[in-house]
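Presented below is the structure to which this report refers.
Convention: sequence-line order gives letters A, B, ...; per-chain numbering from 1.
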Amino acid sequence: MTTVTEPTVHGSRITWATVDTWVVAKRHLLHLVRRPDELLGTLMIPVMAVAMFGFVFGEAFGVAMNVPGDEYREFLLPGLFALTMAFGIGNTTISVAEDVRGGVLDRMRSLPMSPVAVLAGRALADVILAVVELSILLALGTLFGWQAHLGVGAVIAALGLLVLLRMAFSWVGILLGLLVSGPEAAMKYFALVFPLAMVADTIVPTDLMPGWLAVPAEWNPLSSTVIATRELFGNMAAPATSWVGEHALTMAVLWPVAIIAICLPLAMARLRRLGR
Amino acid sequence: MITDEPAIWTQGLRKSYPGRGAALDGIDLAVPAGTVHGLLGPNGAGKTTTVRILATLASFDSGQAWVAGRNVARDRAGVRARIGIAGQYAAVDGILSGRQNLEMFARLHRMRAREARARADELLERFDLVEAAGRPVRGYSGGMRRRLDLAVSLIRSPRVLFLDEPTTGLDPRSRIEVWDAVRELADSGTTVLLTTQYLEEADRLCSRITMVDRGRVVAEGTPAELKSSVGGRDLDEAFLLITEGA
């Protein structure tokens, strides 16, 4: 009984939750560094999206909207920023499902660490990754002639909204990852991201959609963020025709906050009952 | 804190899964501190469920459970600060290196960064993983991986260590390495609860064995007692006789 040490716990609960969250986030970021091919794969989605939607479909969509291709691309870029945030859900879900399967989550649950940090670390890593993705997209957009017209403050506010959206989607992905039967299932459901990302004011303005589709598209949380960021960037936007479109800035904050407020406690409850 | 009270104590532990019936149907355990105790039984006997409950990873329906003087149902944090778990269910990260795993889990055990590094060094040395320390764990052999798993579970020098089938799937040499490590731990005063399907393993390592079958304790005693109780020559025979009679 000589080698047994009493664990010392110092500092407040919140301090420890923060430290633990960072340690877990670092694990996920180290994964990306250790598997650069996966990081490259993740970063390729936004790059490909700019190339495909900007140039392959861009001219045709511009014609449909009665604007030249350049102007369409200015409309498009904020849509692609938000779309990239949505596509992150797939990564998050698969990563969490792998941790459930592999037993790392169980080990963490058996530690005297902050329970919320087990999951919040994933969300923090996602947010950091989102900042990297957005930087690449901004650079790429600038290269193709896109620009923000309203100054640095507005740009930072717009990026803040996008990161907030990513954080909300991260919690959706975490919850889904805890619910699916395994990483294979998570991959199969990946296609569901497409309607979330595209039945929205991202690539095609909602007024060009059939009426029955326009309503869910307008109420899609992505649309609020896209419209709000178009305003903040000073980019061309389709005129708002609905209540939710007119209150885009408010909704771009409310939607993510509401999503986190619902998904975080559900994910925590699910974590507690895991494998019981 | 150190008294004569058992390091692990359960009474009437019951758990059933909806639609699958009783997984545990009244498990009584009393493991004295500083001993290696075997939980022996066939697949599906309830060994893993018992360990998961005691390690706070699963809930139970009724009965009582105490680990290291803490009530498992009421003081999970207290239990978690005093246990280590290794085996099937508590894994290491395959993408990170051995050192990164140890440092991460040490940090999550509330060690400061420098303390965590020092502890990682110590454990890498002790489990003969210095050479492989920088390589991703998924490239490790089965034995190395199990040694790392054991090292991770010992970061905070736990009072009670749960080993869930620690040698399943290992080659004979790796198995002996794990056995040596368990003996060393017991010598230093750690209480070990070990689940296994291998009778030889239980015979060699454990001072006492609890045999479980279909969620119930069917026999309890020292390996010698269990052998003599059925007049068998070895534990294999004893095990077959006891589980058939149950």
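- With a 4.5 angstrom heavy-atom cutoff, B/Glu103 does not touch chain A via any of its atoms.
- Pairs engaging residues 167-183 of chain A under the side chain to side chain donor-acceptor pair (under 3.5 Å) rule: A/Asp126-A/Ser170 [sequence neighbours left out].
- The pair B/Arg52-A/Asp106 meets the salt-bridge criterion, since a charged nitrogen lies less than 4.0 angstrom from a carboxylate oxygen.
- For A/Arg101, the side-chain hydrogen bond (donor to acceptor under 3.5 Å, both in side chains) criterion is met by A/Glu184, not counting sequence neighbours.
- Note: A/Val23 leads A/Val19, A/Val23, A/Asp99, A/Leu105 in heavy-atom pairs under 4.5 Å with chain B.
- Looking at B/Thr49, there are no atoms closer than 4.5 Å to chain A (heavy atoms on both sides), in backbone or side chain.
- The heavy-atom pair separating A/Ala86 from A/Val193 by the smallest distance is O-CG1, 3.8 Å.
- With respect to chain A, the highest number of heavy-atom pairs below 4.5 Å among B/Ala23, B/Ser97, B/Gly84, B/Ala77 belongs to B/Ser97.
- If you check the side chains of A/Arg122 and A/Ser95, you find a donor sitting under 3.5 Å from an acceptor.
- With chain B as the partner, the residue from A/Arg27, A/Arg34, A/Met113 showing the most heavy-atom pairs under 4.5 Å is A/Arg34.
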